Amino acid sequence: MNRTKKAISEVFWQLLEEKPYNKITVQNIVERCEVNRNTFYYHFQDIPDLAEYSIKEWTNRIIRENSRFETVDSCLLPIAREFVKRKTAFSHIYHSVCGETLIRYMGEVNHYIVESYIKNATENTNLPQEGRTVLIRFYKSIMVGVVLDWFATGTSYDLIDFCQIVCQIYEGSFKETVRKLAVATAY
């Protein structure tokens with residue numbers, strides 16, 4: 001990745017921790033990066049383009065750094081930790097015109113995580129592909145829904161504690177879910 005582009009993105013994340021998305025200007029970014037406006041516009045069309053790039057890079061990093069999903073908590077907790085780490089920045093994006101972009105990429109990263117988990121967890125089962133698809137959509141929706149609820153409530157509760165409780169609830173129930181789904185989707 002281009003170092004200047006990465007630096008601009010990092011400054012964007014820093015600024016999001018300090019102020020709402022709609023208060024961030026190209027001028028704020030170039031001053032903090034110590035580059036000129038032309039450099040910014042060489043890499044990005046505008047701030048929404050920078051936001052999408054930054055969110056996409058975040059998504060790609062999560063996928064690169066978390067390749068083994070063998071338990072429910074190995075799926076849910078890394079995402080929760082990422083959101084808590086940049087809670088203010090993500091809240092500012094969520095409540096901005098780029099909120100839909102964040103939600104779309106949240107869906108992508110959660111889909112990847114859940115799909116990887118389902119592939120590992122159902123490897124030696126007779127669950128048809130239709131059943132796997134149902135599980136992927138269901139668990140992805142739960143993961144995205146938990147984070148959306150957290151944002152909608154103003155990040156008012158401890159997301160990591162909540163996710164740990166959810167993991168305890170689902171612990172051990174996955175095999176039964178797969179068994180029932182195999183019956184429901186068998187032809």
Side-chain angles (χ1 to χ4, degrees), residues 1-66 69 73-115 137 139-167:
M1 175 190 330
N2 179 307
R3 280 188 291 164
T4 304
K5 195 171 188 176
K6 182 178 179 181
I8 291 169
S9 178
E10 279 306 311
V11 163
F12 176 67
W13 284 114
Q14 291 168 13
L15 289 167
L16 280 168
E17 289 292 334
E18 298 168 17
K19 56 183 155 183
Y21 173 88
N22 65 345
K23 301 290 185 195
I24 297 172
T25 65
V26 172
Q27 188 65 35
N28 298 142
I29 294 166
V30 298
E31 283 176 3
R32 187 154 312 171
C33 276
E34 298 178 349
V35 298
N36 63 41
R37 291 176 76 80
N38 289 338
T39 301
F40 175 89
Y41 288 112
Y42 174 78
H43 294 288
F44 302 102
Q45 185 175 7
D46 51 21
I47 292 179
D49 184 40
L50 169 60
E52 180 154 0
Y53 168 82
S54 298
I55 296 166
K56 184 176 182 182
E57 283 303 306
W58 170 79
T59 301
N60 291 338
R61 183 180 57 77
I62 298 241
I63 290 170
R64 275 192 318 271
E65 292 176 1
N66 298 284
F69 305 103
D73 53 335
S74 71
C75 297
L76 197 51
L77 293 176
I79 286 286
R81 286 186 187 103
E82 284 291 324
F83 279 110
V84 168
K85 184 168 69 176
R86 289 190 167 157
K87 174 169 77 171
T88 303
F90 282 118
S91 289
H92 286 151
I93 292 173
Y94 175 75
H95 293 291
S96 76
V97 296
C98 289
E100 289 298 318
T101 301
L102 175 61
I103 293 168
R104 184 180 63 209
Y105 282 107
M106 260 183 10
E108 286 182 22
V109 73
N110 284 313
H111 186 274
Y112 171 81
I113 289 169
V114 171
E115 184 176 50
R137 281 197 183 120
Y139 284 112
K140 179 192 96 169
S141 297
I142 288 173
M143 290 175 71
V144 170
V146 164
V147 176
L148 291 178
D149 177 70
W150 185 62
F151 284 137
T153 61
T155 64
S156 64
Y157 55 90
D158 187 318
L159 182 64
I160 294 172
D161 283 349
F162 180 83
C163 289
Q164 288 173 328
I165 292 168
V166 168
C167 291

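When reading the values below, keep in mind they use all heavy atoms of this one structure, side chains included, and skip hydrogens, waters and symmetry mates. This structure is a prediction, so every number in the text was calculated from the model and none was measured.
Summarising the local packing, CD of Gln27 is surrounded by more than 12 heavy atoms from other residues, nucleotides or ligands at distances under 6.0 Å. Within a 6.0 Å radius of CD in Gln14, other residues, nucleotides and ligands contribute more than 12 heavy atoms. The environment of CZ in Arg137 is sparse: at most 12 heavy-atom neighbours from other residues, nucleotides or ligands sit within 6.0 Å.
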Test Thr4 against Tyr42 for side-chain contact (heavy atoms from CB on, under 4.5 Å), laying out the working first. CA-CA 10 Å; Thr4 304; Tyr42 174 78; over 6 Å; no
Evaluate side-chain contact (heavy atoms from CB on, under 4.5 Å) for Glu10 paired with Glu57, printing each intermediate quantity in order. CA-CA 11 Å; Glu10 279 306 311; Glu57 283 303 306; over 6 Å; no
Go through it in stages, so that I can follow the logic: the residues are Tyr94 and Val147, the test is side-chain contact (heavy atoms from CB on, under 4.5 Å), and I'd like the CA-CA distance, side-chain angles, deciding distance and then a yes or no. CA-CA 10 Å; Tyr94 175 75; Val147 176; over 6 Å; no
Evaluate side-chain contact (heavy atoms from CB on, under 4.5 Å) for Tyr21 paired with Leu15, printing each intermediate quantity in order. CA-CA 8 Å; Tyr21 173 88; Leu15 289 167; over 6 Å; no
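For Ile47 against Val26, the heavy-atom pair with the smallest separation is CD1-N, 3.6 Å. The shortest non-hydrogen separation linking His92 to Lys19 is ND1-O, 3.0 Å. Here the closest heavy-atom approach between residue Asp161 and residue Asp158 is recorded as N-OD1, 2.9 Å. Shortest non-hydrogen contact noted between Lys85 and Glu17 is O-OE2, 4.3 Å. Listed here is the closest heavy atom pair of Lys23 and Asn28: O-OD1, 3.4 Å. Closest of all the heavy-atom pairs between Ala89 and Trp13 is CB-CE3, 3.8 Å.
Formation of a donor-acceptor pair under 3.5 Å by the Ser9 side chain with backbone atoms of Lys5 is not found in this model. Judged by distance alone, the side chain of Asp149 and the main-chain N or O of Val146 form no donor-acceptor pair under 3.5 Å. His111 contributes no side-chain N or O that, together with a main-chain N or O of Lys140, makes up a donor-acceptor pair within less than 3.5 Å.
In this structure, CE on Met106 lies 12.0 Å from OG1 on Thr101, to the nearest 0.5 angstrom. For the atom pair Leu102 CG and His95 NE2, the distance stands at 10.5 Å (nearest 0.5 Å). One distance of note links CD1 of Ile8 with OH of Tyr53; it measures 9.0 Å at 0.5 Å rounding. Put simply, OG1 on Thr59 and CG on Asn110 are 9.0 Å apart, with the number rounded to the nearest 0.5 Å.
Between Phe90 and Trp150, the ring centre distance reaches or exceeds 6.0 Å.
Of the candidates Val166, Ile113, Val109, Ile113 is the only one forming a side chain to side chain contact (heavy atoms under 4.5 Å, CB included) with Met143.
Under a cutoff of 6.0 Å and an axis angle of 45°, Lys56 and Tyr105 do not form a cation-pi pair.
Salt-bridge formation is detected for the pair Arg32/Glu18: a Lys NZ or Arg NE/NH1/NH2 atom is positioned less than 4.0 Å from an Asp or Glu carboxylate oxygen.
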